[in-house]
Amino acid sequence: MATSASSGDDLRDRSQHSQQSPLASQRAKDQAASEANQRGRFAQWFPLGAKEGFNQWWAGLSPSTTEHRVLSYIPYLQQPPTHAQTGSAPISAVSSSVDLGAQSEHTASPVTTTTVTDPHGPRRWNSQMVQLSGKNRALNEFSVERVGEDVEQNLVMLHGYGAGLGFFYKNFEGLSRATGWKLYALDLLGMGRSTRPPFKIHAKDREGKITEAENWFIDALEEWRVKKNIDRFTLLGHSLGGYMAVAYALKYPGHLNKLILASPVGIPEDPFAVSAEMPEPEDSTMANEFTQDQGATINNSNSNLPRTADNNNFLNARSKAGETSSSGTSTPPRRPLPRWLTYLWDANLSPFSFVRWSGPLGPRLVSGWTSRRFSHLPSEEAQALHDYSYSLFRQSGSGEYALAYVLAPGAFARSPLIRRIQGVGRQYIRPHAGPIPDADAPKKSHCKASSKMSDASTAASVPATDSSAPAVRESGIPIVLMYGENDWMDIAGGYAAEEKIKQEKLRILADASEEERRRDNGSAKVVVIHKAGHHVYLDGAEQFNEIMLEEMKDVMKREMERKSRDADQGRLS
């Protein structure tokens, strides 16, 4: 009996264990999965491994090395020229496909491709640091021109906030096929590989701070133009570069023959312009720049949409603005940005400061952006752009600190361009203290002196004028605004700008003579790049290049007509 009872107890124990074991096993599995999920949240947002991140931080690749690698993906240019200087950053000790240490500090030896290796050549590529007046002021320049052809037109390309000229690597080859053109890509002062002088604002009033911050960039661009002896050029600016391109056109009139704005920042009046339903911040503001996966954005685009279609979040929100709920009341506007974000923004805490402060964690933080931004690119190119981005982000802070003076939290301009863009191509050709529209200012040449204008402005770009002579007004320039089909930037602002520019043209020409109407070149249009996000030049490079080539052909045609008219007028006089 005892044996039988013992056997029964063992059987019950085994039975209970067999019943409880799967549950216990599942609980253990669930717990392990939960722990893995907790550990994986950081990895999901910042996918670069800890070891890889540490190795990248330790290697400390210089911007010159990483820029060279990115530019090596330009078709037919496996060995791009790369000068060695990056502000005050040392040359990297890590080996590169070119001996950067053997290059001149400020100018690399030009590289010329031949018709044998380059079916669209021969072309000459060059890289140099262009010195400006003042202490520690120089712009990084990358250029390409066609060999054996006269340079008739110049295209200048400006990158966005915190980026660099290397981001245009998919555009250089295609755009340099245009006959008679020379392309220049520049790093804005205090960004990219340009020098990084201390960014200081001396003005006390709000408008003065905005103007001084804008002048900081555009005065450097104007001094560069004077040093390169370029009279007129076409200006392409992306995002913040687009904002500064508008500012340049307003302050330095008479030098642009076309303005192309690729997803420009700062045009809309304010974030609450649409009073009805708006997308949540993650769907409509700059947060998308850090959260959108570009590979998914491209793959999820509607391939059946026509090339002029638009899925832009803001535009869709605007189309819903007139809709009401079943109760007849409008949906309330979206909530404002969190106070902590507004506080950090107004305190001018740069996002790149976190990269510099985080040390070995920096590459992982940057991977949170690059892994999504470049997810649609081949892995090697995506890696090269990640390395390039990190090498720029970790440089000493300079031009990045202008952001809080120019833009309010959420990337809306403190002095919206929608209030000023109608002045582009309509300014009096005379000195200006800042990017302010002339409107109906007196037609006598005059300008309020500005004690805060930089050395570049006073020395290179404010010529002496006869105050008694009538000022000549610009006769308009074509303005093109480009947006991505899935752009987080406000395309509605682009359409509003287009309308305002056209209305200004009608106003200016209301009392104009027939000859003045014939000579007017003012126009505006909005273009949508299919399957592209904010970085239209990279996401939709093929269509972007096609459109750009058409716009460049248009410039050639207009400039030939202008020169012909001027020649005819000269013969008559």
Side-chain angles (χ1 to χ4, degrees), residues 152-154 156 211 214-215 218-219 221-226 228-235 245-259 417 420-450 453 456-479 500-524 554-573:
E152 301 177 46
Q153 300 296 331
N154 297 280
V156 178
T211 299
E214 294 169 343
N215 286 348
I218 62 178
D219 289 349
L221 175 59
E222 172 63 2
E223 188 177 357
W224 173 87
R225 181 197 67 80
V226 173
K228 304 298 289 189
N229 196 28
I230 297 174
D231 181 29
R232 292 168 61 83
F233 62 100
T234 296
L235 183 56
V246 173
Y248 176 85
L250 290 171
K251 183 173 182 180
Y252 296 106
H255 297 298
L256 298 186
N257 46 37
K258 180 170 283 191
L259 179 63
L417 295 182
R420 298 185 278 167
I421 199 167
Q422 77 282 355
V424 173
R426 304 295 176 186
Q427 299 286 78
Y428 289 105
I429 301 177
R430 63 188 180 193
H432 290 74
I436 309 299
D438 284 334
D440 292 321
K443 295 186 178 181
K444 293 291 183 179
S445 178
H446 72 280
C447 178
K448 292 181 180 180
S450 174
M453 295 178 73
S457 300
T458 55
S461 56
V462 182
T465 57
D466 180 1
S467 59
S468 63
V472 177
R473 193 169 197 166
E474 293 179 292
S475 57
I477 61 172
I479 303 175
K500 193 162 186 180
I501 293 166
K502 291 179 177 179
Q503 290 298 323
E504 181 69 2
K505 177 177 180 177
L506 292 175
R507 190 185 71 83
I508 291 290
L509 297 181
D511 300 322
S513 66
E514 189 62 32
E515 175 63 18
E516 288 174 326
R517 290 173 180 271
R518 189 174 68 86
R519 294 175 65 90
D520 194 89
N521 283 312
S523 66
D554 178 67
V555 169
M556 293 287 278
K557 177 183 176 181
R558 289 172 182 266
E559 288 298 292
M560 288 179 63
E561 292 174 351
R562 181 183 66 85
K563 291 177 181 178
S564 177
R565 287 196 303 267
D566 291 346
D568 291 342
Q569 186 175 356
R571 285 192 293 268
L572 291 175
S573 61

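Bear in mind that the values here come from a model prediction, so they are computed numbers and not experimental data.
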Could you measure the distance from the OH atom of Tyr252 to the CG atom of Leu221? Nearest 0.5 Å is fine.
9.0 Å
For Glu214, what residues pass the side chain to side chain donor-acceptor pair (under 3.5 Å) criterion, not counting sequence neighbours?
Tyr243, Arg420
Asp438 versus Arg430: any side-chain heavy-atom pair under 4.5 Å?
yes
Those residues that, when tested against Arg519, pass side chain to side chain donor-acceptor pair (under 3.5 Å) (two or more places apart)
Asp566
Check: Asn521/Ser475 side-chain N/O donor and acceptor closer than 3.5 Å
no
Using side chain to side chain donor-acceptor pair (under 3.5 Å) as the criterion, list what pairs up with Glu515, not counting sequence neighbours.
Arg518
Using a 4.5 Å cut-off on heavy atoms from C-beta on, say whether the side chain of Asn257 contacts that of Ile477.
no
Within the 4.5 Å heavy-atom criterion, are Leu256 and Thr234 side-chain neighbours or not?
no
Does Lys258 use its side chain to pair, donor to acceptor, with the backbone of Pro478 at less than 3.5 Å?
no
Between CG on residue Asn154 and CG on residue Leu235, distance to nearest 0.5 Å:
11.5 Å
Under a 3.5 Å distance rule, please check whether Arg426 uses its side chain to pair with a backbone N or O of Arg473 as donor and acceptor.
no
Tell me, please, which residues at least two apart from Glu559 pass salt bridge (Lys or Arg N to Asp or Glu O under 4.0 Å).
Arg232, Arg562
Closest heavy-atom contact between Ala247 and Pro435?
O-CB, 3.5 Å
To the nearest 0.5 Å, what is the distance between OG (Ser523) and NZ (Lys502)?
8.5 Å
Do Arg558 and Glu561 pass the salt bridge (Lys or Arg N to Asp or Glu O under 4.0 Å) test, and can you show the C-alpha distance, the side-chain angles, and the key distance before you say yes or no?
CA-CA 5 Å; Arg558 289 172 182 266; Glu561 292 174 351; over 6 Å; no
List for me each residue that meets salt bridge (Lys or Arg N to Asp or Glu O under 4.0 Å) alongside Lys500, sequence neighbours excluded, and say none if there are none.
none
Verdict with supporting geometry, Arg225 and Phe233, side chain to side chain contact (heavy atoms under 4.5 Å, CB included):
CA-CA 9 Å; Arg225 181 197 67 80; Phe233 62 100; 3.6 Å; yes
Without swapping roles, check the side chain of Gln427 against the backbone of Pro253 for a donor-acceptor pair under 3.5 Å.
no
With sequence neighbours left out, write down each residue that passes side-chain contact (heavy atoms from CB on, under 4.5 Å) with Ile501, or none if nothing qualifies.
Ile421, Ile479, Ala524
Listed partners of Gln503 passing side chain to side chain donor-acceptor pair (under 3.5 Å), at least two apart
Glu499
For Met560, all residues meeting side-chain contact (heavy atoms from CB on, under 4.5 Å), sequence neighbours excluded
none
Could you tell me whether the side chain of His255 reaches within less than 4.5 Å of the side chain of Glu222, counting heavy atoms only?
yes
Non-neighbouring partners of Lys228 that pass side-chain contact (heavy atoms from CB on, under 4.5 Å), sequence neighbours left out:
Gln128, Glu141, Tyr184, Trp224, Ile230
dist His432:NE2 -> Leu250:CG (nearest 0.5 Å) comes out at 8.0 Å
